[in-house]
Amino acid sequence: MLTRKMDGDTMLFYKDDKMVLSVEETDQDGGILMKLRGELLSECAQPIQDELEALISVGLKVVIDFAGVEYVSAASMNAMLDSQHLADFFRRGELILRGLPDEVYQMMERYGLTELLMIED
């Protein structure tokens, strides 16, 4: 079972009492920088998507730093895609992925997501 706790500006995700993901949000240039650390498990996908869509729906630019991510589930990739679709559909906000580990980038490329998502080095 997945549980969430807040520690200041950081959302911590626990599975079976083990922390699996931390999401730290900070203001950056009129938008939000979201630093991810750990594993983006399937159970984390919906809460992350909800947060992204809330930020994007008010017109914020959201940069997600994947540098500390060890694993990304298919459900989590789908959450990124759905959030990008929302930004495109309403022409509000912006979603940028940054610092993707090679294996995560290659997986996204294999599924054609690199053509649909904004990815920075």
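Sequence positions, counted from 1, serve as the residue numbers for this chain.
- Transitive grouping of hydrophobic side chains (ILVMFWY, heavy atoms separated by less than 4.5 Å) brings Y111 and L81 into a common cluster.
- M107 and L95 fall within a single hydrophobic cluster, where Ile, Leu, Val, Met, Phe, Trp and Tyr are joined by side-chain heavy atoms under 4.5 Å apart, directly or via other members.
- Using a 4.5 Å cut-off on side-chain heavy atoms (C-beta onward), I64 and I96 make no contact.
- Among residues at least two apart or in separate chains, salt bridge (Lys or Arg N to Asp or Glu O under 4.0 Å) pairs with a member in residues 94-109 are R98-E120.
- Hydrophobic clustering of Ile, Leu, Val, Met, Phe, Trp and Tyr side chains at less than 4.5 Å, counting indirect connections, keeps L100 apart from V63.
- Looking only at side-chain heavy atoms (C-beta outward), S76 and I48 stay at 4.5 Å or farther from each other.
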Derivation of the side-chain contact (heavy atoms from CB on, under 4.5 Å) call for V23 and T10: CA-CA 5 Å; V23 181; T10 304; 5.8 Å; no
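- For the atom pair CG (L21) and CD (E70), the distance works out to 10.0 Å, reported to the nearest 0.5 Å.
- Under the 4.5 Å side-chain heavy-atom criterion for grouping Ile, Leu, Val, Met, Phe, Trp and Tyr, L116 is connected to Y105 within one hydrophobic cluster.
- Using a 4.5 Å cut-off on side-chain heavy atoms (C-beta onward), L97 and M108 make contact.
- Not counting sequence neighbours, D9 has no partner by the side chain to side chain donor-acceptor pair (under 3.5 Å) test.
- The two residues L60 and G31 come nearest to each other via the heavy atoms CD2-CA, 4.4 Å.
- Annotation for A87 and G93: closest pair CB-O, 4.2 Å, computed over non-hydrogen atoms.
- At a threshold of 4.5 Å between non-hydrogen side-chain atoms, the residues L41 and F13 do not count as touching.
- Other residues sharing a hydrophobic cluster with M19 under the 4.5 Å side-chain heavy-atom criterion for ILVMFWY residues are L12, Y14.
- Side-chain contact between M80 and L113: absent, with no pair of heavy atoms (C-beta onward) separated by less than 4.5 Å.
- Residues I56 and R92 approach most closely at CG2-O, 3.5 Å, considering heavy atoms.
- Taking the side chain as every heavy atom from C-beta outward, Q46 and D50 approach each other to under 4.5 Å.
- Shown here are the salt bridge (Lys or Arg N to Asp or Glu O under 4.0 Å) partners of R4, two or more places apart in sequence or in another chain: there are none.
- Atoms CG and CE, from D88 and M118 in turn, are 9.5 Å apart once rounded to the nearest 0.5 Å.
- To the nearest 0.5 Å, atom CE of residue M11 and atom CD of residue E25 are 6.0 Å apart.
- Checking side-chain atoms of D65 against main-chain N and O of A67 turns up a donor-acceptor pair under 3.5 Å.
- Residues that satisfy the salt bridge (Lys or Arg N to Asp or Glu O under 4.0 Å) test with E39, not counting sequence neighbours, are absent from this structure.
- Distance OG1/T114 to CD/Q106: 11.0 Å, rounded to 0.5 Å.
- More than 12 heavy atoms of other residues, nucleotides or ligands shown are found within 6.0 angstrom of CE on M6.
- In this structure, V58 is a member of the same hydrophobic cluster as L86, with clusters built from ILVMFWY side-chain heavy atoms closer than 4.5 Å.
- By the side chain to side chain donor-acceptor pair (under 3.5 Å) test, Q28 pairs with no residue at all, sequence neighbours left out.
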Criterion side-chain contact (heavy atoms from CB on, under 4.5 Å) on L55 and M34, from CA distance to verdict: CA-CA 11 Å; L55 295 169; M34 193 181 268; 4.0 Å; yes
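- Using a 4.5 Å heavy-atom threshold, the side chains of L52 and D82 count as separate.
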